[in-house]
Amino acid sequence: MKNLQDANLYIKNNQEKVNSRYRGKYHACPPIGWMNDPNGFIFAFGKYHLFYQFHPYSTVWGPMHWGHFSSTDLVKWEDEPVALAPDMPYDKDGCFSGTSLVHDDKLYVMYTSVCGEYQTQALAVSADGVNFEKLGEVISTEQIPQGSSTVDFRDPKLFEEGGKFYCLIGSRTTEGVAQLLLFSSENLLNWNYVGVAYRENRSEFVCECPDFFRLNGVDILLTSPQNMKQDGINFQNQHSTIYLAGKLNLKTGAFEISSQGELDGGFDFYAAQTTKTPDGRIVMIAWQAMWDRTNITSIDGWANSMTLPRELSLKDGILLQAPVREIANYRRKHFQLQNQELNDKFALPDFGKTQEMIVTFDVEQTQKVGVKIFCGAEHETLIYYDKQLDCVVFDRSKMGKKIEHGNNEDNADLRYGKCSCSGDKVTMWLLLDVSSCEVFFADSVMTGNIYADENDKNCYLFTEGGTANIIELDLFELEFGGK
Ligand code: FRU
């Protein structure tokens, strides 16, 4: 059984071997090895803490540890020592995903302790946010209600409400319907089952990684149901992440839904978590990758990153996302255009591979309009609005590398996304980071990893089937110092 010291020493001794050609400058990446879900995302002890599912010893998933980043501004992330290792009899096969809260000036994390085929929930506590003491199992297999799987029971979302503690846990029925279960506790140590919060009939397996928060008085649930069946342009990925807005009844567990949607229509987004900033914003981060695909950076000694944190707001029942505002502190060179005709394509200045671009087009006189990014002689990635399809398209089929897709998705190269135009105007807000592109549209987001060659740096605005008008373009170089 490997412990914390083993993990920290291994990282220290091997980190230098990692090839950083595709590592983002402002997207949290593990120092070495494999990373999946964000865990325990919180502001505590004067800074943000982001833990994560971590297998330091290889670039494929293995016995899960909790890695740890910290940040003062949600943009630049520092590595902290590994927080949890699978070193107890009850979690010897993995410390799976979970969440945290501050209580009595201490940071409590609740995570899934895996032992053989059983998944139970365990608690650990820290007085400094860095060193944790494990307090043992707090929800055992016997507490799982009848008719629910005893094997798939994971990813507790811990929260406090009215002086009581609650947790939502990912599960499935014994018949295979994905669901979330609610438990409650007076003291974090003894828990009682309350009821079923949600069942997802479109998923064939588990509702993974629940999250829960309140926005403008509305309760919001996030979860990642596995193998969601594709429905038009919804759920094109192997697995999806959705939000439900409504009201959670803490007495019965039932969540009454008033609106819902998919969180990200791109390729790489899963297992989202939120936290509240000291100034009251709800900020979400997610794993920027997808299960069951081939991984381009595994030969580089590391695998997967997190998204840029996003600020959430609710408008007419739709959960809106925007890049965390702190990113603006890293803007350097600025290029601007206003009210300019666009025929064919327009070459943008070379601002390198970390850029922010906010562009509004008038699409009245054309068919397709958008951007080409990370282009070279042979490679390009396209993000554009297609008037005929009335949707946005993210096409990474010519990015330079090929990613093999999973069984529950048609491909890993092309995604169609929702985009509401206001009149004939389409706005795209892109954040580029070496091998990452997150695009924010009026009421949707698409996220994708882009593996191009080092010299594929050109970016263009382009149109097809007519003339577009560039109403406004703001392009910023983003600068992060040496890191
Ligand atoms: C989601 C997930 C969680 C689990 C973790 C294991 O990506 O499958 O349900 O806790 O990953 O690493």
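Side chains included, hydrogens not; waters and symmetry mates left out as well; all remaining heavy atoms used.
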Is the gap between the ring centers of Tyr451 and Tyr22 under 6.0 Å? yes
Considering only NZ, NE, NH1 and NH2 on the basic side and carboxylate oxygens on the acidic side, decide whether Glu356 and Arg332 come within less than 4.0 Å. no
For this output row, return yes or no: ring centroids of Phe480 and Tyr26 closer than 6.0 angstrom. yes
Is the shortest heavy-atom distance from the side chain of Leu473 to the side chain of Phe335 under 4.5 Å? yes
Decide if the gap between the ring center of Phe96 and the ring center of Trp61 is smaller than 6.0 angstrom. yes
Neighbour count >12 (heavy atoms, 6.0 Å) for atom NZ, Lys276: no
Give a yes or no on this: more than 12 heavy atoms of other residues, nucleotides or ligands lie within 6.0 Å of atom CD of Glu256. no
Would Asp443 and Lys315 pass as an ion pair if we require N to O under 4.0 Å? no
For the pair Asp219 and Arg214, find out whether any cationic side-chain nitrogen is under 4.0 Å from an anionic carboxylate oxygen. yes
Do Lys47 and Glu80 sit within salt-bridge range, that is, some charged N less than 4.0 Å from a carboxylate O? yes
Nearest-0.5 Å distance that lies between atom SG in Cys209 and atom CG in Leu222: 10.5 Å
Nearest-0.5 Å distance that lies between atom CG in Asp152 and atom OG1 in Thr173: 10.5 Å
Report the C-alpha separation of Asp433 and Lys25 in whole Å, then their side-chain angles, then the decisive distance to 0.1 Å, and conclude whether the salt bridge (Lys or Arg N to Asp or Glu O under 4.0 Å) test is met. CA-CA 6 Å; Asp433 188 11; Lys25 306 283 185 213; over 6 Å; no
If you measure from the Lys or Arg side-chain nitrogens to the Asp or Glu carboxylate oxygens, is any gap between Lys157 and Asp155 under 4.0 Å? no
Check Asp413 with Arg396, please: is the shortest side-chain N to carboxylate O separation under 4.0 Å? no
Kindly indicate, with the supporting measurements, whether the criterion side chain to side chain donor-acceptor pair (under 3.5 Å) is fulfilled by Arg293 and Asn237. CA-CA 10 Å; Arg293 298 208 188 120; Asn237 282 329; 3.0 Å; yes
Looking at Lys106, I want to see if its NZ is surrounded by more than 12 non-hydrogen atoms of other residues, nucleotides or ligands under 6.0 Å. no
Does a side-chain N-to-carboxylate-O contact under 4.0 Å join Arg172 and Glu200? no
Between NZ on residue Lys229 and OG on residue Ser240, distance to nearest 0.5 Å: 11.5 Å
Is any side-chain heavy atom of Met64 closer than 4.5 Å to a side-chain heavy atom of His55? yes
Given Glu262 and Phe235, is the side-chain contact (heavy atoms from CB on, under 4.5 Å) satisfied, shown in steps? CA-CA 7 Å; Glu262 187 173 11; Phe235 318 132; 3.7 Å; yes
Determine whether Val371 and Cys459 make a side-chain contact, defined as any pair of heavy atoms from C-beta on separated by less than 4.5 Å. no
Would you verify whether the NZ or CZ of Lys372 falls within 45 degrees of the ring axis of Phe462 while also being under 6.0 Å from that six-membered ring's centre? yes
Rounded to the nearest 0.5 angstrom, the CG-OG distance for Leu181 and Ser148 is 5.0 Å
Can you check whether Phe54 reaches Asn36 side chain to side chain, under 4.5 Å on heavy atoms? no
Output yes when Arg331 and Glu479 qualify as a salt bridge under the 4.0 Å nitrogen-oxygen rule, no when they do not. no
Pair Asp264 + Arg310: basic N to acidic O under 4.0 Å: yes
How many angstroms lie between CD1 in Ile470 and CD in Glu472, if you round to the nearest 0.5 Å? 11.5 Å
Evaluate side chain to side chain donor-acceptor pair (under 3.5 Å) for Ser436 paired with Gln288, printing each intermediate quantity in order. CA-CA 9 Å; Ser436 155; Gln288 191 170 318; 3.0 Å; yes
Which value, rounded to the nearest 0.5 Å, describes the distance between Thr99 atom OG1 and Tyr111 atom OH? 13.0 Å
Quick check: do Leu461 and Met357 have side-chain heavy atoms less than 4.5 Å from each other? yes
4.5 Å side-chain heavy-atom contact, Phe159 and Phe165: no
Looking only at the aromatic ring of each residue, does the gap between the centers of Phe267 and Phe394 stay below 6.0 angstrom? yes
Tyr52 and Phe69: ring pair (Phe, Tyr, Trp, His ring centres under 6.0 Å), yes or no, with the steps? CA-CA 8 Å; Tyr52 57 94; Phe69 304 116; 4.4 Å; yes
Leu414 vs Val393 side-chain heavy atoms within contact, under 4.5 Å: yes
Please find out if less than 6.0 Å separates the ring center of Phe132 from that of Phe51. yes
Count the heavy atoms belonging to other residues, nucleotides or ligands that lie under 6.0 Å from CG of Asp128, then report whether that count exceeds 12. yes
With a 4.5 Å heavy-atom cut-off, do Tyr385 and Asp390 have their side chains touching? yes
Less than 4.0 Å between a side-chain N and a carboxylate O, is that true for Asp395 and Arg415? no
State whether Phe374 and Lys353 meet the cation-pi test: NZ (Lys) or CZ (Arg) under 6.0 Å from the six-membered ring centroid, and within 45° of the perpendicular axis. yes
Within a reach of under 6.0 Å around CG of Asn407, are more than 12 heavy atoms found that belong to other residues, nucleotides or ligands? no
Given Thr112 and Gln121, is the side chain to side chain donor-acceptor pair (under 3.5 Å) satisfied, shown in steps? CA-CA 4 Å; Thr112 298; Gln121 318 311 318; 2.8 Å; yes
